[in-house]
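The structure appears below as structure tokens.
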Amino acid sequence: MTPGKKFVLLLRLGMGITSADDTNALPQIADEAEWVLVMKLAKKQAVQGILFRGIGQLPPSCRPPRQMLLNAAMLSDKIEQYNRTIDAAAVKLLATLEQAGFPCCILKGQGNALYYPEPASRMPGDIDVWIASPVKRVIDFARQAAPLAKACYHHVEAAPCDGVEVELHYRPAFLNNPLYNHRLQRWFQREAAEQSWHSVALADGTATLNVPTDAFNRIYQMAHIMNHVIHEGVGMRQMMDYYFLLMKGFTAEERQHDERLLRRFGLYDMAGAVMYVLQWLFVLPEDKMLVAPDKRRGVVLLKEILYGGNFGRYHQEAKKARSQWAKNALRSRRDLRLLTVFPSECLCEPLFRLWHFGWRLCHQ
């Protein structure tokens with residue numbers, strides 16, 4: 001069994017995945033060198049906290065060497081502490097925005113963490129907030145505290161909140177194809193009011209956060225995955241988020257409704273690829289799949305995930321692309337590589353990139 005397969009088995013343990021067959025067998029990691037490879041994979045995919053939970057399920061004789069285990073435990077503690085810091089910052093940020101008259105909710109991040117058996121084990125990032133207000137108003141608000149804040153089509157950077165980076169989204173996500181994107185943005189507008197007032201309690205019960213509903217997330221986060229796959233890459237952490245979202249369940253009517261929306265937004269092929277990846281990585285049950293798994297596209301997506309890591313940051317070409325010209329050339333090569341599996345988004349990506357350049361000039 002390869003170190004990669006053993007890594008996946010450890011993740012399943014950490015995620016609490018159980019199975020009647022050997023799909024959740026205890027991995028037998030041979031020596032310290034193999035443990036180093038497994039730890040590197042966890043860092044590459046930004047899932048160290050989940051991996052440590054998996055290690056805790058192993059018999060003492062199967063765990064890594066003492067110093068490595070101590071380092072993993074300390075990192076796990078840091079992840080938990082950082083989650084608490086971001087939770088507090090998110091609560092404070094929402095209160096500030098609501099006081100300023102902005103209806104809003106937290107996207108992904110700390111909302112996704114609440115799907116996990118242990119929310120504090122999820123590796124956190126920055127705070128993404130969806131503000132259902134006009135673009136110019138949101139940008140002007142962000143630049144009151146950060147005059148040089150950069151704006152792009154779907155969000156503007158904001159001043160950090162208690163040391164945590166913040167992005168204010170006036171559009172939760174976007175697609176390159178103009179028709180599908182138009183339909184998606186209209187759907188976001190119709191859904192905005194409900195999402196801005198959907199509140200859930202944090203895991204420790206100390207406060208509440210406004211986060212999107214599960215029904216909204218099943219569509220929105222698929223669009224988010226598509227966007228990252230086409231533009232830079234997506235990692236195992238995003239797949240894990242979507243796995244826990246689907247494991248919350250949905251009715252047959254909700255599945256049919258979601259399938260119609262996925263087709264309407266041009267996301268059906270990506271959904272099939274994601275179902276295949278979740279089945280291969282985390283043994284997603286058939287009754288929790290939104291659509292039938294698509295092996296051809298799923299294999300391509302899985303290779304992108306395993307090779308590129310979290311947001312594609314470990315892709316060798318991405319590491320070499322320093323200048324804007326090099327990054328544009330990398331985008332073009334990525335479009336060609338994925339053209340046969342996601343043609344609509346790849347064909348429209350260069351056009352969107354050109355249009356987006358003009359959009360940014362108008363919003364400097």
Side-chain angles (χ1 to χ4, degrees), residues 46 82-83 85-114 122-176 181 184-185 188-189 191-192 195-196 198 209-212 216-217 219-235 237-238 241-242 310-313 327 352-353 356-357 359-364:
Y82 193 40
N83 269 297
T85 298
I86 296 185
D87 282 344
V91 171
K92 179 179 178 179
L93 180 61
L94 285 184
T96 300
L97 291 171
E98 289 171 358
Q99 188 175 12
F102 290 105
C104 56
C105 65
I106 298 292
L107 296 171
K108 303 171 291 164
Q110 300 314 98
N112 278 351
L114 296 175
R122 181 187 182 274
M123 178 68 78
D126 56 10
I127 300 176
D128 295 275
V129 185
W130 178 21
I131 299 178
S133 295
V135 174
K136 187 177 185 306
R137 186 179 175 215
V138 177
I139 293 176
D140 289 346
F141 176 80
R143 287 176 176 166
Q144 289 177 11
L148 300 179
K150 295 181 181 179
C152 63
Y153 175 67
H154 64 306
H155 72 252
V156 60
E157 297 173 355
C161 180
D162 292 343
V164 181
E165 293 184 3
V166 174
E167 290 178 354
L168 303 181
H169 289 246
Y170 21 83
R171 300 180 179 95
F174 68 93
L175 298 170
N176 295 324
N181 187 54
L184 182 68
Q185 300 309 323
F188 284 152
Q189 290 172 9
E191 293 287 323
Q195 312 313 316
S196 297
H198 180 252
L209 283 179
N210 291 351
V211 299
F216 180 87
N217 271 336
I219 304 301
Y220 152 63
Q221 294 198 29
M222 189 63 69
H224 177 72
I225 289 171
M226 171 69 92
N227 188 272
H228 275 288
V229 168
I230 300 301
H231 288 98
E232 53 189 350
V234 71
R237 183 181 62 170
Q238 288 70 44
D241 287 349
Y242 207 81
N310 192 45
F311 292 134
R313 291 171 183 152
K327 291 178 181 178
F352 177 85
R353 202 187 325 163
H356 191 215
F357 175 75
W359 188 96
R360 284 180 294 166
L361 289 178
C362 294
H363 292 81
Q364 285 183 342

- Please examine the side chains of Phe352 and Ile230, heavy atoms only from C-beta on, and report whether any two atoms are closer than 4.5 Å. no

Value for CZ (Arg143) from NZ (Lys150), rounded to nearest 0.5 Å, stands at 11.0 Å

### Task
Kindly indicate whether the side chain of Cys152, heavy atoms from C-beta on, has any atom under 4.5 Å from the side chain of His356.
yes

Here the gap from Phe188 atom CZ to Phe174 atom CZ, rounded to the nearest 0.5 Å, amounts to 11.0 Å

*asked:* Is it the case that the side chain of Asn83 and the backbone of Arg122 share a donor-acceptor pair, with hydrogens and angles ignored and the cut-off at 3.5 Å?
replied: yes

Query - Side-chain donor/acceptor of His154 to backbone N/O of Ala173, under 3.5 Å - result: no

| message | Donor-acceptor pair, distance only, cut-off 3.5 Å: does the side chain of Arg237 make one with the backbone of Asn310? | response | no

For Ala132 and Ser196, the nearest pair of non-hydrogen atoms, with its separation, is CB-OG, 4.3 Å

For Gln221, the side-chain hydrogen bond (donor to acceptor under 3.5 Å, both in side chains) test, sequence neighbours excluded, returns Asn112, Asn217

Value for OH (Tyr220) from CG (Leu107), rounded to nearest 0.5 Å, stands at 4.0 Å

* Asked: Are the side chain of Gln195 and the backbone of Ala192 linked by a donor-acceptor contact shorter than 3.5 Å?
  -> no

Aromatic ring pairing Trp130/Phe216, orientation class (parallel under 30°, perpendicular over 60°, tilted between): parallel

Considering only distance and modelled atom types, tabulate donor-acceptor pairs under 3.5 Å from the side chains of residues 91-99, sequence neighbours left out.
residue	atom	partner	partner atom	Å
Lys92	NZ	Asp162	OD1	3.0
Thr96	OG1	Lys92	O	3.0
Glu98	OE2	Asn210	ND2	2.9

The reported gap from NE2 in His224 to NZ in Lys108 (rounded to nearest 0.5 angstrom) is 4.0 Å

- Pair Asn181, Gln185: side-chain N/O donor-acceptor within cut-off below 3.5 Å: yes

Do we get Arg137 above Phe102's six-membered ring, with its NZ or CZ under 6.0 Å from the centre and within 45° of the axis? yes

Item to complete: Could you check if a side-chain atom of Gln110 sits within less than 4.5 angstrom of a side-chain atom of Leu209, using non-hydrogen atoms only?
Response: yes

